[in-house]
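Computation of the quantities below employed the complete heavy-atom set of this structure, encompassing side-chain atoms and omitting hydrogens, waters and symmetry-equivalent molecules.
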Amino acid sequence: MKRFYVWLGVLLVGSHTLFSQTINPVSLPGITVYSPRVANQESSGNVATPVTALRYEPGVDLEARNSAEGQADIILRGGIFENTGVRVGAVSVLDPQTGHYLAEIPIAPAMLGAPEVLTGTENAFSSLNANVGAVAFGWRRISQAGFGAVAVGDHGFNRQELYQGFVSGSGIGERRLAADIAVARSESDGTIPFGDHRFSRVNGRIQLAGAASQTDLFAGYQEKFFGWPNLYTPFNSKESENLQTMLLAINHRSDRDHGGFIEGGAYYRRNKDDYAFNRLAPLGPVHPFQHTTWSTGAAIGGRHIGESTAVNFRAEVQSDDLKSTSLTFGRYRSRTLAKLSVVPEKSWAIDGTHRAIVKAGFAFDDSNRTGSAVSPIFEVAREQSSGSFRRVYVSFAKTSQLPNYTALNSSKASGLFRGNPDLGRQSSYNVEVGGSGTLAGWEGRAALFHRQDDALVDWTFRRGVTARAANPVDISTAGFEAIARRSWSSCDVVLGYTWLTKDADYRGAVVDASFYALNYARHRFTAAVVMRLPHGFELRLDNVARVQSDNLLRQVGGDETLTTALGVVYRVPSVRGLELSAQADNLWNSNYQDIPAVPASRRQLSAGVRYLW
């Protein structure tokens, strides 16, 4: 913690002294910025994926096995990997087997917009089967541009990537026709023994876009093999996974007057997972942990605006199927989920600069495998067009979701993972107050919230039992989160802070430790800094400092840590579009375990060349 405060103090004092003149925010070239809230847009040890932009995101706590691009659990507001969602365009892209594979989205980040973190009423309205929050990506507009990149590093790391966008002079009416393609691969021996990976991805997209509308047709496929000791079990085994993911998607969005819009889409996803508890053991004709899931979904939603009223609406349906060599217990291996959300709103002018807004509606969740649920959504806000505090609000939202197949269909009495076929619908209740605005040149937002999760499915440890078990828990979470940003002519700074506390009731079950629900940061600080130096140089720093809750499974690395990613980029003045870079992930070589009993990924160094055209 002391190291974090020293770095933060140096960066803030130095940036304020050197770059005191305030101007409009300065952005990096658009094709290389995957999130404006983090400094380093690439991984030092893998190919960039949609999850790469979340590694230092202020509102996201990413828990990684191997690199984040190997396997990453996306955690929002102290939740767990199972109650976070991912939206791409209009649709929620689910993994019905387990939230561990939620981040398996085979899309090049160059095709997507910056991630948006949805919580509270936004999540309750627009996400399917995600009680705490979701990360939403939009489809990026294609331009006539491209890039090629190569990188090498220690531990045998090498990466190659190519992206190209094409814009046709023809189209349909006033809508232009465009397309883009992307290919990428990487491999490494890993930062620890048996932590190797091999990754490849290929994408193609066709786009028809006009001034106020955009239609995207996408196809993507990726293959990923990675190993890691204690990947999922704390038994000192050399585990590995082999994943193949295919995604087909279509999306259409049309913007209307005064901020209204309508957006619809559909997708098909297949994910094949071959998990090895001991990668060195000889395998027979049937692998003991082999799973394939198929997911198909469609959604439509939008916002219709009247003179002083608006109606927000959304409908979504998804179906899934599971084929598995081990998840053969439980009651079913296919299901359908559906959700309808309607939230009207009314606004009143208070005076020339202030107005009040009230939203009141509901979400209806249903499934062919269990009963339905009705969830209220309510928010009162006050907005002003000038002054420091632009918006303040109070909100309440309920959400509902069902467990995934690993929890439902694992054996209850044997094996490495003990499931429970009787797990039912989970409910979450969120109350919060928050606001956003500007102060002394800084833009920021903050929220204070309390969330009650009922029957949340957690994976727990009990002494003397060589397996983790799926147990329902009633858990209350209180938290505060804040993010602030300021830009100068030669420097961008983004700061984040989250505080959490929890109280859990496992309904009488004997639990000695929790792998997920009670593995949370009591305090988490983030600091991202981009400094544009003379002569074409740029310095990028991402920092995360945390004070983690105690956990008897975390026996290495302690409960406090600082993680830093450092990048240096040189844009060659004499060759337009040529970038040379060097990067270090986990600069201080911390051995802190994101997930208790899972070894940390150690320091990774790399250097690369990128040419943009």
Strictly distance-based, threshold 3.5 Å: is any side-chain N or O of [X] a donor or acceptor partner for the main-chain N or O of [Y]?
| X | Y | value |
| --- | --- | --- |
| R37 | P115 | yes |
| S487 | D492 | no |
| D542 | A39 | yes |
| S334 | D321 | no |
| Q97 | D273 | no |
| R524 | P58 | yes |

Is the closest side-chain donor-acceptor distance between [X] and [Y] under 3.5 Å?
| X | Y | result |
| --- | --- | --- |
| D454 | S427 | no |
| T52 | E69 | yes |
| N519 | R554 | yes |
| N123 | S127 | yes |
| S476 | K502 | no |
| D365 | S400 | no |
| N404 | T98 | no |
| Y592 | Q548 | yes |
| Y429 | H450 | no |
| R425 | T370 | no |
| E63 | Y520 | no |
| N40 | Y56 | no |
| D73 | Q71 | yes |

Could you tell me whether [X] and [Y] have a side-chain N and a carboxylate O separated by less than 4.0 Å?
| X | Y | answer |
| --- | --- | --- |
| R335 | D320 | yes |
| R269 | D95 | yes |
| D453 | R451 | yes |
| K339 | D366 | no |
| D61 | R546 | yes |
| E379 | R391 | yes |
| D559 | R522 | no |

Does the side chain of T477 reach to within under 4.5 Å of the side chain of T501, using non-hydrogen atoms? no
Minimum side-chain heavy-atom gap E383-F389 below 4.5 Å: no
What residue pairs, at least two apart or across chains, pass salt bridge (charged side-chain N to carboxylate O under 4.0 Å, His left out) with a residue in residues 77-86? R77-E432, R77-E481
Got a sec, which pairs hit salt bridge (charged side-chain N to carboxylate O under 4.0 Å, His left out) with one end in residues 303-318, sequence neighbours left out? R303-E345, R314-E316
Around atom [atom1] of [X], are there more than 12 heavy atoms from other residues, nucleotides or ligands closer than 6.0 Å?
| X | atom1 | answer |
| --- | --- | --- |
| H304 | NE2 | no |
| R445 | CZ | no |
| I350 | CD1 | yes |

Flag the pair F396 / F378 as yes when their ring centroid distance falls below 6.0 Å, and as no otherwise. no
Among T399, I377, N312, N430, whose side-chain contact (heavy atoms from CB on, under 4.5 Å) with T121 holds? I377
Would you be so kind as to tabulate the donor-acceptor pairs closer than 3.5 Å made by side chains of residues 294-301, with sequence neighbours excluded?
none

Axial cation check for Y405 ring with R333, 6.0 Å and 45° limits: no
Would you please test W139 and V88 for side-chain contact (heavy atoms from CB on, under 4.5 Å) and show each step? CA-CA 8 Å; W139 291 101; V88 179; 3.5 Å; yes
